[in-house]
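What follows is a short report on a single structure.
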Amino acid sequence: MDVLKRLIPVGAFALALAAGGCGGGEPSGSPSAGPSVSANPTLAAMVPDAIKSDGKILVGVDATYAPNEFLAPDGSTVVGFDVDLFKAVAQTLGLTAEFQPATFGDIIPGVGSGKYEVGVSSFTVNDERKKQAQMVTYFSAGTQWAAKTGNPAGINPDDPCGKRIAVQKDTVQFEDITKRSEACVAAGKPAVTIQPYAGQDQVASSVVSGKDDAMLADSPVAAYAVKQSNGQLELLGNIYDSAPYGYVVAKDQVEMAKALQAAVDELIKNGTYEQILANWGVQAGAVPSAQINP
């Protein structure tokens, strides 16, 4: 997950960072920031009847991952670049997106069970997830580390042995730091003390407060945390392991996956895609086209 432009904390993220001494306020991105998009009748016809019958699409989202998806100052409205983009995708298909906050690790199972019709929560496409669902790509991001400014704990992302590292549960970064800890032990060094949190807001707060030495997250999310921290956090090292994000639909919803792919490609073609990414400062993650299960 990648990149940023905002300077002040919002919603749950604001509250978490405020506990560490950061300022507050409302950023330039807002619930009304996304452009209005007209339905494309040809693409709308691709949506399975079972999904389009009520005119809406129920979306599972982890609303702790600023600037991708997070809560606005009202504490209930989900905002972010992911939200604005998927609203436009839904509108292109003649639907209204209804976002339902959920724990990250529960979203893909929820899509599989029918609780949600799609998962939109910065899901990095990988082989394990493709076994569980159809994934439609729309963005690209990598992993980035961050630590307290000045790096007082002397964190080296390539040698985190013996350090306290914060990470969100069920993410590719949790897998990443677990493998790094195993490598430490294999080399006869102390294991990493991995501190998994349910929400990314808690991850950032733990590093700001000094409870943990560093964090790793999708690149736009780590950059956003640094920008929001009023100088209390800094990025470490380079972005690595760039990979696409994918919308998640049930394994048997092949036609819906094709409809989502066509809608993303339409938004790329007509310039709406670039407009939304630019509004949130995440243009670096733009992709030339959408793919299904790449």
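The basis for the numbers below is simple: all heavy atoms, side chains too, and nothing from hydrogens, waters or symmetry mates.
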First locate atom [atom1] of [X], then atom [atom2] of [Y], and finally report the distance between them rounded to the nearest 0.5 Å.
{"X": "N279", "Y": "F81", "atom1": "CG", "atom2": "CZ", "answer": "12.0 Å"}
{"X": "K169", "Y": "Q202", "atom1": "NZ", "atom2": "CD", "answer": "8.5 Å"}
{"X": "W145", "Y": "N156", "atom1": "CH2", "atom2": "CG", "answer": "8.5 Å"}
{"X": "T193", "Y": "I177", "atom1": "OG1", "atom2": "CD1", "answer": "10.0 Å"}
{"X": "E98", "Y": "K87", "atom1": "CD", "atom2": "NZ", "answer": "11.5 Å"}
{"X": "L95", "Y": "L58", "atom1": "CG", "atom2": "CG", "answer": "12.0 Å"}

Open item on the list: Side chains of Y197 and D212 only: does a donor on one sit below 3.5 Å from an acceptor on the other?
Closed with: yes
Whether the T143 and D241 side chains hold a donor-acceptor pair (N or O, under 3.5 Å, no angle test) is what I'd like checked.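 No.
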- Step by step, would you call D265 with Y273 a side-chain hydrogen bond (donor to acceptor under 3.5 Å, both in side chains)? CA-CA 9 Å; D265 284 343; Y273 175 82; over 6 Å; no
Whether [X] side chain and [Y] backbone form a donor-acceptor pair below 3.5 Å:
{"X": "S205", "Y": "D201", "value": "no"}
{"X": "T64", "Y": "Q200", "value": "yes"}
{"X": "Q132", "Y": "I108", "value": "no"}
{"X": "Q144", "Y": "L236", "value": "yes"}
{"X": "Q91", "Y": "V37", "value": "yes"}
{"X": "T272", "Y": "L267", "value": "no"}
{"X": "T149", "Y": "G231", "value": "yes"}

Heavy-atom closest contact ([X] atom, [Y] atom, distance):
{"X": "P48", "Y": "Q253", "result": "CG-OE1, 3.7 Å"}
{"X": "V221", "Y": "P67", "result": "CA-CD, 4.1 Å"}
{"X": "A66", "Y": "Y224", "result": "CB-CE2, 3.1 Å"}
{"X": "L233", "Y": "A225", "result": "CD1-O, 3.9 Å"}
{"X": "D54", "Y": "I51", "result": "OD1-O, 3.3 Å"}
{"X": "P35", "Y": "I276", "result": "CD-CG1, 3.6 Å"}

So if you build clusters from Ile, Leu, Val, Met, Phe, Trp, Tyr with side-chain heavy-atom gaps below 4.5 Å, do [X] and [Y] land together?
{"X": "V226", "Y": "V208", "result": "yes"}
{"X": "I107", "Y": "V125", "result": "yes"}
{"X": "V254", "Y": "V264", "result": "no"}
{"X": "V167", "Y": "F70", "result": "no"}
{"X": "L43", "Y": "V136", "result": "yes"}

If you define the side chain from C-beta out and look only at heavy atoms, does anything of [X] sit under 4.5 Å from [Y]?
{"X": "Q173", "Y": "Q168", "answer": "no"}
{"X": "S121", "Y": "F104", "answer": "yes"}
{"X": "L277", "Y": "F139", "answer": "yes"}
{"X": "P101", "Y": "V78", "answer": "yes"}
{"X": "K115", "Y": "Q100", "answer": "yes"}
{"X": "F174", "Y": "T178", "answer": "yes"}
{"X": "I57", "Y": "T96", "answer": "no"}
{"X": "V111", "Y": "E117", "answer": "no"}

Stepwise side-chain contact (heavy atoms from CB on, under 4.5 Å) check, D106 with D62: CA-CA 9 Å; D106 292 341; D62 169 19; over 6 Å; no
request  = Assign the ring pair F86 / F99 to parallel, tilted or perpendicular, where the plane angle (0 to 90°) is split at 30° and 60°.
outcome  =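 Ring orientation, 0 to 90° scale: perpendicular.
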- Task: Please say whether more than 12 non-hydrogen atoms of neighbouring residues, nucleotides or ligands are located less than 6.0 Å from CD in E274.
- Result: no
Check against salt bridge (Lys or Arg N to Asp or Glu O under 4.0 Å), K163 and D213: CA-CA 7 Å; K163 304 297 185 180; D213 299 322; 5.6 Å; no
By side-chain contact (heavy atoms from CB on, under 4.5 Å) - contacts of N126 (at least two apart):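 E128, R129, V172.
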For S181, what residues pass the side-chain contact (heavy atoms from CB on, under 4.5 Å) criterion, not counting sequence neighbours?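 Residues passing side-chain contact (heavy atoms from CB on, under 4.5 Å) with S181: A191, V192, I194.
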In residues 286-294, what donor-acceptor pairs under 3.5 Å come from side-chain atoms, sequence neighbours left out?
residue : atom : partner : partner atom : Å
N293    : OD1  : M135    : N            : 2.8
N293    : ND2  : Q134    : OE1          : 2.8

Residue pairs passing the salt bridge (charged side-chain N to carboxylate O under 4.0 Å, His left out) test with at least one member in residues 177-200, sequence neighbours excluded, are D158-R180, D159-K189, D176-R180
In short, salt bridge (charged side-chain N to carboxylate O under 4.0 Å, His left out) pairs touching residues 242-261 with sequence neighbours left out are E255-K258
Answer yes if the ring centres of F123 and Y247 are under 6.0 angstrom apart, and no otherwise.
no
Item checked: Members besides V185 in its Ile/Leu/Val/Met/Phe/Trp/Tyr cluster (side-chain heavy atoms under 4.5 Å) ->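 Its cluster mates, by chain and number: none.
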Report task. Step by step, work out the side-chain contact (heavy atoms from CB on, under 4.5 Å) result for V89 and Y138. Result -> CA-CA 10 Å; V89 168; Y138 62 92; over 6 Å; no
- Task: Quick one: do V249 and L260 satisfy side-chain contact (heavy atoms from CB on, under 4.5 Å)? Show the steps, please.
- Result: CA-CA 9 Å; V249 296; L260 293 174; 3.6 Å; yes
Evaluate side-chain contact (heavy atoms from CB on, under 4.5 Å) for N151 paired with E234, printing each intermediate quantity in order.
CA-CA 8 Å; N151 194 12; E234 68 179 26; 3.8 Å; yes
- Message: side-chain hydrogen bond (donor to acceptor under 3.5 Å, both in side chains), that's the test. Do S122 and D82 meet it? Break it down for me.
- Response: CA-CA 7 Å; S122 306; D82 242 352; 3.2 Å; yes
